Amino acid sequence: MHFFQYRSGELYAEEVPVKTLAEQYGTPLYVYSHTTLLRHFMAYENAFDGYPHIICFAVKSNPNTAIIRLFAKHGGGADIVSGGELHAALKAGIPSRKIVYAGVGKTEDEIRFALKSKILMFNVESENELREIDRVAGNMKTNAQIALRINPDIDPGTHPYITTGMKKHKFGIPIEVALEYYKLASKLKNVVVVGVHKHIGSQITKVSPFVDALKRILLLIDELNAQGVSLQYLDVGGGLGISYRDEEPPVPGDLAKHLIPMLKDRNLTLIMEPGRSLVGNAGILVTKTLYMKKGIEKEFIIVDAGMNDLIRPSLYDAYHHILPVVRTKRDKILCDVVGPICESGDFLAKERELGKLKQGEYLAVMSAGAYGFSMSSNYNSRPRAAEVLVKGRDHVLIRKRETYDDLVRNEKIPAFLK
Ligand code: LLP
C-alpha cells in the first residue's frame, strides 16, 4: 500500500499534487512518500516485535541520506556493500553497531574503514576475504566481528539477474563446505565469529524460498552448536518482492508467521536486510512528454526520463505502471514509452496501452523508489534527476538536480592539450 492516489483525476503524493511538484522542481523527478516509507518500515518492526531483531535497510536500493535517516530515526540499521554506503549510513545517523557489510569484493581500504567504524559484522563471502579481514584487523590491533555468507543453493524463482543463492552464483560460501570455513574462521586470531548470513535473491514473491533456505541454515547452526561454535546473529538477508504489476507478494507479517516459530528457543538476534519492500512502492519517477511520434509499426511517446534515470526496464525487462499525472477521458493508443538516450534499449515501457497524451503532460512511472535513482547514471551527459520527499503537505528537495558543471567537475584537460 502506498500514498500516491488520484483525487478528482489528479495524482497526489500524500497531500501534494504531483503536478505541483513537477512544476516546482522540474522533471525527471523522483518523488518519495514519507508516510509510505514509514509504514513499510513499521510493518517489519511490528511483525518481528517480540523476537530480538534488527531491520538493516539495504542501502543499495536507495542511498539518499534523508531516506536512510528516516529508518535510522525509527531504530533501523543498514546493510551495506561498499565504503560509500558505509559513509552514507554513518552520515545519516545509523549506529555503527547496526551495520552489516556484504559483498564479494571488499577492498583493504573499505575493510579498514569498516573496522575503524566498529560495524556490527562483515558478511564474509570467501576464504581469501576472511584471511584479508583477519590480516587487516591484526594490523590495526583490533578484532573483526564476522558472519559467513552461506550460499544455500535455493532457487527463489525470480529474475536470473537478481538470483544470488544458487551454486552457479558468485555469492557466499557453498553450504556443503560451510563447516570447514567456520573452523578456519574460529582459528584466526583477529576475527570473532558472531553470525551466519544468507541472501538468496530479490523480488521474491513467495514465502517458501525463505523457509527452505532458513531450514538449511538452521541445520548448519545445529551442526556448529554440536562442534562448540555458537552464534549470536542470524542474518536472513532481504529479497521480499513488491507489486509492480499484479504480483501478490507476502508481507513482512507473513514472513514473521513462518520464520519466528522456526527460531523458537534459539537465542539468536534476527537480522533482515530489506531494500525493495521498504522503498520500492514509496517512490515514483515523474517525467514530461516531449514528443509523440507515429512510426510505421507503432507509436512512440518520447519522454524526458531515460534509461540513465531508470534502467530497470532496459536491464531486466522490468514492468513499471505508467500513469498520467492528470487523468482525463482519452482515446487509447498502443505505444512504447521511450527516453531521449541514443540506444534502442532506452525504454520505460513497451507495447503499452495508454491514453492519448499531449506534449508537455506529465507521467508517473510507479514503483520506482528502489533501484531507481540508485542505478541512475550520467550516460549521454545527462545530469541526474532531483529527489523530493513528501510528508503530508510538506515537500523537501532531498537531492538537487545535477548541473552541467557537475558533469565535468572532476575532469581535467592536460597541459599538452592546451
Ligand atoms: N542484502 C543483500 C546482500 C543484497 O545483495 C540485496 C540486494 C539486499 C539485501 C536487498 O534485497 P531486496 O530486499 O531489495 O530485494 N537492481 C535489481 C536488484 C538487485 C538486488 C541486489 N541485492 C533490481 O532493480 O531489481
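Just so you know, ligand 1 is whichever comes first in the structure, and atom 1 is the first atom listed for that ligand. These figures come from a predicted structure and were not determined experimentally.
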Do Y44 and S277 have side-chain atoms, one donor and one acceptor, less than 3.5 Å apart? yes
Determine whether the aromatic ring centres of F171 and H169 lie less than 6.0 Å apart. no
Using the test side-chain hydrogen bond (donor to acceptor under 3.5 Å, both in side chains), find all partners of H320 that sit at least two apart in sequence or belong to another chain. R312
If a pair satisfies ring pair (Phe, Tyr, Trp, His ring centres under 6.0 Å) and one of its residues is in residues 67-122, list it, with sequence neighbours excluded. F41-F71, F57-F71, Y101-F122
Can you pull the ring pair (Phe, Tyr, Trp, His ring centres under 6.0 Å) pairs that have at least one residue in residues 201-231, sequence neighbours excluded? none
Kindly print each ligand 1 N/O atom paired with any protein N/O atom under 3.5 angstrom away, one pair per line, or none if nothing qualifies.
| unit_1 | atom_1 | unit_2 | atom_2 | d |
| --- | --- | --- | --- | --- |
| ligand 1 | 1 (N) | D79 | OD2 | 3.2 |
| ligand 1 | 1 (N) | E273 | OE1 | 2.6 |
| ligand 1 | 5 (O) | K60 | NZ | 3.4 |
| ligand 1 | 13 (O) | G239 | N | 2.8 |
| ligand 1 | 13 (O) | G275 | N | 2.9 |
| ligand 1 | 14 (O) | R276 | N | 2.8 |
| ligand 1 | 14 (O) | Y371 | OH | 2.6 |
| ligand 1 | 15 (O) | S202 | OG | 2.3 |
| ligand 1 | 15 (O) | G239 | N | 3.4 |
| ligand 1 | 16 (N) | Y316 | OH | 2.7 |
| ligand 1 | 24 (O) | R312 | NE | 2.6 |
| ligand 1 | 25 (O) | R276 | NH1 | 3.1 |
| ligand 1 | 25 (O) | R276 | NH2 | 2.8 |
| ligand 1 | 25 (O) | R312 | NE | 3.4 |
| ligand 1 | 25 (O) | R312 | NH2 | 3.0 |

Is the backbone N or O of N190 less than 3.5 Å from a side-chain atom of R135, with the two atoms forming a donor-acceptor pair by type? no
